[in-house]
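Residue numbers count from 1 along this sequence. Quick caveat, the model's predicted, so the values are computed rather than measured.
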Amino acid sequence: QKGFLKRKAHADIDGKRTPWGKRSWKTFYAMLKGMVLYLQKDDYVKDCQSSEEVVSVHHSLAERALNYTKRPHVFRLQTADWRVFLFEAASTEQMNSWIGRINLV
Ligand code: I3P
């Protein structure tokens, strides 16, 4: 499973609210391999290199973010260490595919 996703950080480790200034939507190229979600930042031009974030999806839960109504096809990922991310997919189909794949892990 791979593709572009927009991500918003909602809560950091232990469910602490992600502070102002760190809550904006950012585009990543996402790849799910095994129990790891690799998020490649879309900033080649700015940094002349790519930076990558790694999120373990082991014991995590993905579900449609029904109470987030500002954007369409957004799903919520809650990790085992109680971080919460919102991800905006390009379509409902892609959103459902990510949810299904993450919850299979
Ligand atoms: C955040 C940014 C997000 C917004 C968030 C802001 O500011 O504007 O787009 O979320 O609102 O805090 P910053 O870039 O300074 O972190 P929405 O797009 O969902 O409105 P929030 O604090 O209500 O989550």
Nearest heavy atoms of [X] and [Y], plus distance in Å:
X: Asn103; Y: Ser60; result: OD1-O, 4.2 Å
X: Lys22; Y: Thr18; result: O-CG2, 3.4 Å
X: Phe28; Y: Lys26; result: CD1-O, 3.5 Å
X: Ile99; Y: Ala62; result: CG2-O, 3.6 Å
X: Ala89; Y: His73; result: O-ND1, 2.8 Å
X: Glu88; Y: Trp25; result: N-CZ3, 3.7 Å

Spacing of [atom1] belonging to [X] relative to [atom2] belonging to [Y], to within rounding of 0.5 Å:
X: Arg101; Y: Leu37; atom1: CZ; atom2: CG; result: 11.0 Å
X: Lys2; Y: Leu32; atom1: NZ; atom2: CG; result: 11.0 Å
X: Gln78; Y: Ile102; atom1: CD; atom2: CD1; result: 13.0 Å
X: Phe4; Y: Gln40; atom1: CZ; atom2: CD; result: 9.5 Å

Step-by-step side chain to side chain contact (heavy atoms under 4.5 Å, CB included) determination, His10 to Tyr68:
CA-CA 11 Å; His10 181 77; Tyr68 188 83; over 6 Å; no
Do side-chain atoms of Thr79 reach the backbone of Arg83 as a donor and acceptor pair under 3.5 angstrom?
yes
Is it possible for you to say whether Val36 and Met31 belong to one hydrophobic cluster, with membership spreading through side-chain heavy-atom contacts below 4.5 Å?
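They do share one cluster, since a chain of ILVMFWY contacts under 4.5 Å joins Val36 to Met31.
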Is there a path of hydrophobic side-chain contacts, each under 4.5 Å between heavy atoms, that joins Val54 and Tyr29?
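In one cluster: yes.
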Can you confirm whether [X] sits close enough to [Y] that some side-chain heavy atom of one is under 4.5 Å from a side-chain heavy atom of the other?
X: Phe85; Y: Leu5; result: no
X: Pro19; Y: Asp12; result: yes
X: Thr92; Y: Met95; result: yes
X: Arg71; Y: Lys6; result: yes

Taking only residues two or more places apart in sequence, or in another chain, which ones meet Trp82 in a ring-ring contact (aromatic ring centres under 6.0 Å, His included)?
none
Quick one: list whatever passes ring-ring contact (aromatic ring centres under 6.0 Å, His included) with Tyr38, sequence neighbours left out.
none
Mind running side chain to side chain contact (heavy atoms under 4.5 Å, CB included) on Phe75 and Trp98 for me, showing each step along the way?
CA-CA 9 Å; Phe75 66 95; Trp98 280 106; 3.6 Å; yes
